[in-house]
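Reading through the structure tokens given below for one structure.
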Amino acid sequence: MRIMAFSDLHHSRGKAALVVAASAEADLVIGAGDFCNRRAELPGVMSLLRDLKTPAIFVPGNHESAEELSEAALAGVQVLHGSGCVIDGVAFYGLGYGVPETPFGAWSCDLGEDAARALLADCPDGAVLISHSPPFGAGDANSAGTHVGSRAVLEAIEAKSPRLVLCGHIHESWGAREMVGDSPVANLGPSPNWFDIT
């Protein structure tokens, strides 16, 4: 299975066009959250992605709620948040929102670490984990070099050994590729990223 994945589109028309064009070469598209800005104009962002050429899995970021994303999502898109699915024999599990809570205020969709732990409890061993927030210590360094990722996501990776972890959220770490145990972690960013699952 050839996966094309991205995060943090933030209503960029140009990046959306690149994602749509790349989708023609993919078996599955994964969007790891933050499609819009501050919960505004999400349907407009989805319209930019209306020509995706393949099925897709989206998780909500902190800029849109799970309910908002589910309502706006295109046909052929599965929205995961504390839930999973199986596609062509491969298990996927999604966790959206900012974890831990962000300093951005009431508009931001955030979870505390304990709430995230509860939602991650059902992640299958060896799944592809799609988490808007990166794990603590991998792909999570901010502009000051401080690790700001989620300890709950880190613990889930250590316990469940996902075959791949896809995340975003921390813009300064876009493009980071690191390992947590045997699990590769990729902080995606808004450009197409490619992964092969066998």
Side-chain angles (χ1 to χ4, degrees), residues 1-12 15-36 42 45-46 48-64 66 68-70 72-99 119-120 123-124 126-135 138-139 150 153 156-157 160 162-171 173-178 180 183-198:
M1 178 187 296
R2 193 163 196 229
I3 295 172
M4 188 272 289
F6 67 97
S7 71
D8 302 284
L9 201 61
H10 290 294
H11 209 159
S12 168
K15 294 297 186 181
L18 293 176
V19 164
V20 169
S23 71
E25 306 299 322
D27 299 311
L28 178 69
V29 171
I30 292 176
D34 279 3
F35 298 91
C36 64
L42 184 58
V45 180
M46 292 297 109
L48 298 177
L49 299 172
R50 66 184 176 276
D51 293 326
L52 286 174
K53 306 295 192 294
T54 191
I57 295 172
F58 289 172
V59 302
N62 61 295
H63 281 255
E64 60 271 329
E68 290 160 351
L69 186 57
S70 294
L74 307 159
V77 174
Q78 296 192 60
V79 175
L80 303 181
H81 177 57
S83 57
C85 65
V86 176
I87 298 175
D88 292 339
V90 178
F92 296 86
Y93 197 86
L95 177 73
Y97 295 6
V99 186
L119 290 175
L120 287 164
C123 179
V128 175
L129 175 59
I130 310 155
S131 171
H132 178 61
S133 295
S150 167
V153 174
I157 296 169
K160 307 284 187 169
R163 64 172 67 190
L164 177 64
V165 180
L166 302 175
C167 59
H169 188 46
I170 307 303
H171 294 197
S173 285
W174 286 347
R177 301 287 184 269
E178 301 189 45
V180 174
S183 299
V185 176
N187 185 322
L188 300 165
S191 297
N193 296 260
W194 294 96
F195 305 90
D196 290 307
I197 299 293
T198 56

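This chain uses plain numbering: 1 for the first residue, then up along the sequence.
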Can you find a pair of side-chain heavy atoms, one from [X] and one from [Y], that are under 4.5 Å apart?
{"X": "Asn193", "Y": "Met4", "value": "no"}
{"X": "Ser131", "Y": "Tyr93", "value": "no"}
{"X": "Thr54", "Y": "Glu25", "value": "no"}
{"X": "His81", "Y": "Val59", "value": "no"}
{"X": "Pro134", "Y": "Val153", "value": "no"}
{"X": "Leu9", "Y": "Asp34", "value": "no"}
{"X": "Leu164", "Y": "Ser183", "value": "no"}
{"X": "Arg163", "Y": "Ile197", "value": "yes"}

Identify the two heavy atoms, one from [X] and one from [Y], that lie closest to each other, and give their separation to 0.1 Å.
{"X": "Ser23", "Y": "Val29", "value": "CB-CG2, 3.8 Å"}
{"X": "Val79", "Y": "Ala66", "value": "CG1-O, 4.4 Å"}
{"X": "Leu120", "Y": "Ala156", "value": "CD1-CB, 3.9 Å"}
{"X": "Ala176", "Y": "Gly139", "value": "CB-CA, 3.9 Å"}
{"X": "Pro190", "Y": "Val19", "value": "O-CG2, 3.9 Å"}
{"X": "Leu188", "Y": "Ala5", "value": "CD1-CB, 3.8 Å"}

Quick check for you: to the nearest 0.5 Å, what is the distance between [X] atom [atom1] and [Y] atom [atom2]?
{"X": "Cys123", "Y": "Phe92", "atom1": "SG", "atom2": "CZ", "value": "12.0 Å"}
{"X": "Leu80", "Y": "Leu119", "atom1": "CG", "atom2": "CG", "value": "12.0 Å"}
{"X": "Met1", "Y": "Ile87", "atom1": "CE", "atom2": "CD1", "value": "6.0 Å"}
{"X": "Ile170", "Y": "Ser7", "atom1": "CD1", "atom2": "OG", "value": "10.5 Å"}
{"X": "Leu166", "Y": "Ile3", "atom1": "CG", "atom2": "CD1", "value": "6.5 Å"}
{"X": "Cys167", "Y": "Ile130", "atom1": "SG", "atom2": "CD1", "value": "11.0 Å"}

- prompt: Is Asn187 reaching over with its side chain to a backbone N or O of Gly168, donor-acceptor style, under 3.5 angstrom?
  reply: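 A pair under 3.5 Å: yes.
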
message: Side chains of His10 and His171 only: does a donor on one sit below 3.5 Å from an acceptor on the other?
response: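 The criterion, which ignores hydrogens and geometry beyond distance, is satisfied for His171 and His10.
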
- request: Indicate whether any N or O donor in one side chain lies under 3.5 Å from an N or O acceptor in the other, for His169 and Asn62.
  value: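 Judged by distance alone, the side chains do pair up.
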
- prompt: When the ring planes of Phe35 and Phe58 are compared, do they come out parallel, tilted or perpendicular, using 30° and 60° as the limits?
  reply: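 Answer is tilted, since the angle falls between 30° and 60°.
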
- prompt: Should Leu28 and Arg2 be marked as a side-chain contact (heavy atoms from CB on, under 4.5 Å) after you check the CA-CA gap, both sets of side-chain angles, and the distance that decides it?
  reply: CA-CA 7 Å; Leu28 178 69; Arg2 193 163 196 229; over 6 Å; no

- prompt: So, His132 versus Tyr97, ring centres under 6.0 angstrom or not?
  reply: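 Judged by ring-centre distance (under 6.0 Å), His132 and Tyr97 do not meet the cut-off.
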
message: Apply side-chain contact (heavy atoms from CB on, under 4.5 Å) to residues His63 and Asp8 and explain how you reach the verdict.
response: CA-CA 9 Å; His63 281 255; Asp8 302 284; over 6 Å; no

task: For Ser191, check side chain to side chain donor-acceptor pair (under 3.5 Å) against everything at least two apart and list the hits.
output: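 Per chain and number, Ser191 pairs via side chain to side chain donor-acceptor pair (under 3.5 Å) with Lys15.
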
